[in-house]
Amino acid sequence: MATLEDSFLADLDELSDNEAEMDENDGDVGNEEEDVDMDMADLETLNYDDLDTVSKLQKSQRYIDIMQKVEEALGKDSDGAEKGTVLEDDPEYKLIVDCNQLSVDIENEIAIVHSFIRDKYKLKFQELESLVHHPIDYARVVKKIGNETDITLVDLGDLLPSAIIMGISVTSLTTKGSPLPEDVLQKVLGACDRALDLDSARKMVLDFVESKMGSIAPNLSAIVGSAVAAKLVGTAGGVSALAKMPACNVQVLGHKRKNLAGFSSTSQSRVGYIEQTEILQSTPPGLRARASRLVAAKSTLAARVDATRGDMSGINGKALREEIRKKIEKWQEPPPARQPKPLPVPDSEPKKRRGGRRLRKMKERYAVTDMRKMANRMRFGTPEESSLGDGLGEGYGMLGQAGSNRLRVSSVPSKLKLNAKVAKKLKERQYTGGATTSGLTSSLAFTPVQGIELCNPQQALGLGSGTQSTYFSESGTFSKLKKI
Amino acid sequence: MSSFLLKTLTKKEEIDRIIRDTIDEVLVLRFGRCTDTVCLQHDDILAKSVTDVSKFAKVALVDVDSEDVQVYVKYFDITWFPSTVFFFNAHHMKLDSGTADHTKWVGAFHIKQDFIDVVEAIYRGAMKGKMIVQCPVPPERIPKYQLLYKDV
């Protein structure tokens, strides 16, 4: 405890941005020893210099017990699982459940240690954290580089792909970090070792679980394989927990979120550990999404069978696997060939007469209007009015007549082209007669030079004096009579 | 590509049977030799369209070299091969294509669609009760020939 308080004081002096967190850390110190479980709240304790205050799992009793049991069990071969006993009572099953829980805890622990290493190493090489994402890889790289200033001297060939090594060498030239002081370096290396230890422990636990998976969940392992089954059960936290999940959740168990900086997640396929199964690796990429849904569904069914220990021989699982295989094969079949269709018998299909509002509206555009209907009828005994008068032109029928409802004769614009003689007569009549001549028209012609001049306007229009007779004048008689 | 082979009739009973048994379908009988080039072209068109018109027509070939069949050859006055005669419900259907002889179609069809059009026209006319129909093929695709009257 004394060292802890000293390290607090040291922090106060060195790092200026921790003042806000000091209060919370004081509170945490109190219940640290009781609180064995790791929460995400412990991320706030990262600014300690001492690793042990951050990562307590390795020292905890639980961890030590379980690791011991695992080593023991790995040493001896277990007898065949008793059929019929409820899964939960089997002591080996309990161990598996604990291992699953522990593996999750170890993973969290590794994340915390990784943050610790990252924070300390930031002073030396800040960009490394964004280049190497995986915490274990990061720990290995940090261990290898140490306090070295020239990265090219460090051989990272077996740890990372060459593209990333290149990136690291390039960024190391421009990094603004400085080599770490010796004690910080020791702490960092210690933390790296801790991370690697935790990782190997986790691997051991998972291997153990995997080897036992055949007796724990035979049906599930029959479908997805024991490695993936172990991972699924581990992430879910037990076979019954996995069985309680809906299949859509099982599909995304273990999905690594990789959308960095604004890349859309629609292009990513949402598949988790299921992606690593043999079935999915062997399907063509176009069918992967469909197949993953199928495998997730069937594996959920298998997990449910295993949770209730209904079938310890794994027959169910094998049957489901066969079903999956058959379905995937069926999807890959080519479509059936097209048969040439014979022509239908002529006039066998009666013409489909369509009705409805749309057709009615269409017909309305071409229907006979009410006005036209009125114009078509005529009153008995009275001569009808017509557009040109005197029976010429279009007749108006009942339009405009006294008895009808229509008050107004709106003339239907006639498409007739009048011939020259009829047009002339119309103009003449328009001038002389007609109740509708404008009141402002006059027969006088105004010429600018001579003032008012009485001039025959009809002459201007080429209608002559009006008394001129045409060759075949209807009002005139024979022009020349010769006495024979 | 189904029906690589059209049925070939060589005996009088076969012809009688097929005319009697084709009910409510147009029966197309081609009279000709299988070795003649124009017949081969005609048969090719027939074979290709047999599935298309299978719902309302039946096609059969009559080999004009067998003796049984000479009765029919004489009856229908077939002198040019191939000649196609149309029947509907055992009635002989006539086709007015602008040529001199309405009782049969003389020569090969130019395109598959022409043949299908002719069969359809005959079907429609026959369903209406007509015994002679107008040919829907445009005159440039109708094989022309001259009727020479011999010994008449």
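All chains are named by letter (A, B, ...) in the order of the sequence lines, taking the proteins before the strands, and each is independently numbered beginning at 1. Model, not experiment: these values are computed from the prediction. We use all heavy atoms of the structure for the numbers below, so side chains are in, but hydrogens, waters and symmetry mates are not.
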So with a 6.0 Å cut-off around CD of A:Gln281, is the heavy-atom count from everything else above 12?
yes
Closest heavy-atom pair, B:Asp52 versus A:Lys341, reported as atoms and distance to 0.1 Å, is OD1-O, 3.8 Å
Taking every heavy atom of B:Lys55 against every heavy atom of A:Pro344, the minimum-distance pair comes out as CD-CA, 4.4 Å
| message | Using a 6.0 Å cut-off, check whether atom CG of A:Asp390 has over 12 heavy atoms from anything other than its own residue. | response | no
Can you confirm whether B:Lys7 is buried at NZ, in the sense that more than 12 heavy atoms of other residues, nucleotides or ligands lie under 6.0 Å from that atom? no
Among residues 346-369 of chain A, those lying within the under-4.5 Å heavy-atom range of chain B are A:Pro346, A:Asp347
Tightest non-hydrogen contact, residues B:Phe56 and A:Val345, listed as CD2-CA, 3.7 Å
Margin query: Take a 6.0 Å sphere around CD of A:Gln339 and say whether it holds more than 12 heavy atoms from other residues, nucleotides or ligands.
Written below: no
Q: Report, as yes or no, whether the 6.0 Å neighbourhood of atom CD on A:Glu323 holds more than 12 heavy atoms from other residues, nucleotides or ligands.
A: yes
- prompt: Is the CH2 atom of B:Trp80 crowded by more than 12 outside heavy atoms at less than 6.0 Å?
  reply: no
